[in-house]
Participant: 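This is the structure I want to talk about, given as structure tokens.
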Amino acid sequence: MPAMKLLILPGDGIGPEVMAEVRKVIDWFGANRGLDFSVEEDLVGGAAYDAHGAPLSDETMAKAQSVDAVLLGAVGGPAYDNLDFSLKPERGLLRLRKEMDLYANLRPAQCFDALADYSSLKKDIVAGLDIMIVRELTSGMYFGEPRGIHTEGNERVGINTHRYTTSEIRRVGRSAFELAMKRGKRVCSMEKANVMEAGILWREEIEVIAKDYPEIELSHMYADNGAMQLVRNPKQFDVIVTDNLFGDILSDCAAMLTGSLGMLPSASLGAPMENGRPKALYEPVHGSAPDIAGQGKANPCACLLSFAMALRYSFDLGAEADMLEAAVNEVLDQGVRTADLAQSEGATPVSTAEMGDAVLAAMDSNDW
Ligand code: IPM
Ligand code: MG
């Protein structure tokens with residue numbers, strides 16, 4: 001098998017620290033399981049702006065297009081708050097999503113048993129939670145034209161456009177149905193068909209896709225009700241499919257159900273490349289956390305679990321992904337906690353690197 005090509009973009013804030021732990025895991029799989037990864041590293045976000053004056057250089061974009069999977073840490077920080085819109089760190093991430101055409105963003109929200117007490121919701125509402133949000137990532141309000149700010153008489157006017165086409169809705173719909181087939185066989189589609197034409201189209205096109213999946217139980221929900229239901233009774237959901245902007249909001253809401261933003265991975269997938277692997281970018285859901293950057297306090301688990309998603313979705317290495325996920329679970333069961341989690345238990349926190357080492361030790365000690 002040819003080497004599996006990875007491009008690592010640690011980015012800003014805690015990105016480099018958590019990514020360093022992923023590199024250890026990549027090396028572990030090389031040494032212990034004979035997995036042949038070739039790894040390149042480059043800049044994105046504020047780090048790229050500092051070096052090149054742009055949040056993603058054309059060279060880095062080209063590299064991202066040529067590898068099997070991109071692993072991204074986080075982008076952004078207060079130093080870049082006043083930059084022109086087009087130069088902000090986030091634009092680097094949005095360019096990757098758009099130019100790689102990563103239309104299906106998978107955001108699992110899983111409640112780890114050892115962490116069920118961390119949620120702001122009652123334990124019995126979240127214990128055992130396992131839902132998957134599939135967010136459309138390359139269209140809708142984030143990218144629709146016309147957009148901009150202009151002046152009309154005495155008024156300034158800000159415009160963004162919420163626009164979806166048949167094919168854009170159908171392809172992300174298919175991703176959601178395919179995932180549901182491997183899970184609980186239920187899909188809930190969320191939009192605002194009561195007020196938005198694009199919502200009506202969304203609902204109709206999802207219905208069309210559903211005909212190809214007779215085993216799937218499909219339901220529809222207005223997105224505002226969806227937000228309420230996520231907090232009221234999240235375990236009613238299996239797979240949720242929704243547009244870019246609603247998905248941004250609903251996935252943050254779902255993330256917090258688990259009580260631990262530092263634990264949540266994501267995958268952004270596009271069409272298959274020539275070698276059959278999908279275009280793909282993996283990143284933790286947490287941001288760059290500038291307040292704790294560089295202090296060794298960050299929780300690397302979300303980034304490690306994002307790499308597990310890469311093993312599963314890019315390289316079809318489901319057993320290895322299970323192995324890494326089980327090791328993270330085991331370490332949590334042992335009571336090992338980074339600072340984000342230690343506080344509420346009064347436990348002594350371990351550092352980012354110690355958490356990574358504990359996961360490696362769990363992988364070492366298990367007889368896989
Ligand atoms: C996310 C983030 C991004 C988004 C930002 C950083 C541009 O909030 O991945 O959810 O809005 O999509
Ligand atoms: Mg977001």
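As the structure lists them, so they are numbered: ligands from 1, and atoms in each ligand from 1.
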Participant: Evaluate the side chain to side chain donor-acceptor pair (under 3.5 Å) criterion for residues Glu354 and Thr352: first the C-alpha distance (whole Å), next the side-chain angles of each, then the deciding distance (0.1 Å), finally the verdict.
Facilitator: CA-CA 6 Å; Glu354 284 164 340; Thr352 309; over 6 Å; no
Participant: Could you tell me whether Arg312 and Asp322 have a side-chain N and a carboxylate O separated by less than 4.0 Å?
Facilitator: yes
Participant: Determine whether the side chains of Tyr80 and Asp50 contain a donor N or O and an acceptor N or O closer than 3.5 Å.
Facilitator: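 There is such a pair between these side chains.
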Participant: Do Glu168 and Thr166 have side-chain N/O donor and acceptor atoms under 3.5 Å apart?
Facilitator: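 Short answer, no.
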Participant: Enumerate the protein N/O/S atoms at a distance below 2.8 Å from the Mg ion (ligand 2), ignoring waters.
Facilitator: Asp248 OD1
Participant: With a 4.0 Å cut-off, would you call Arg95 and Asp58 a salt bridge?
Facilitator: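 Answer for the salt bridge query: yes.
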Participant: Give a yes or no on whether Lys192 atom NZ has more than 12 heavy-atom contacts from other residues, nucleotides or ligands under 6.0 Å away.
Facilitator: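 Counting other residues, nucleotides and ligands, NZ of Lys192 exceeds 12 neighbours.
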Participant: Using the rule salt bridge (charged side-chain N to carboxylate O under 4.0 Å, His left out), only one of Glu99, Glu40, Glu41 pairs with Lys63; which is it?
Facilitator: Glu40
Participant: Would you check ligand 1 and list the protein residues that come within less than 4.0 Å of it by any heavy atom, ordered by chain and number?
Facilitator: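 For ligand 1, the residues that come within the 4.0 Å heavy-atom cutoff are Glu90, Arg97, Arg107, Arg135, Tyr142, Asp248.
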Participant: Does Asn82, at its CG atom, have more than 12 non-hydrogen atoms belonging to other residues, nucleotides or ligands within less than 6.0 Å?
Facilitator: no
Participant: Are Glu205 and Arg170 ion-paired here, with the side-chain N under 4.0 Å from a carboxylate O?
Facilitator: yes
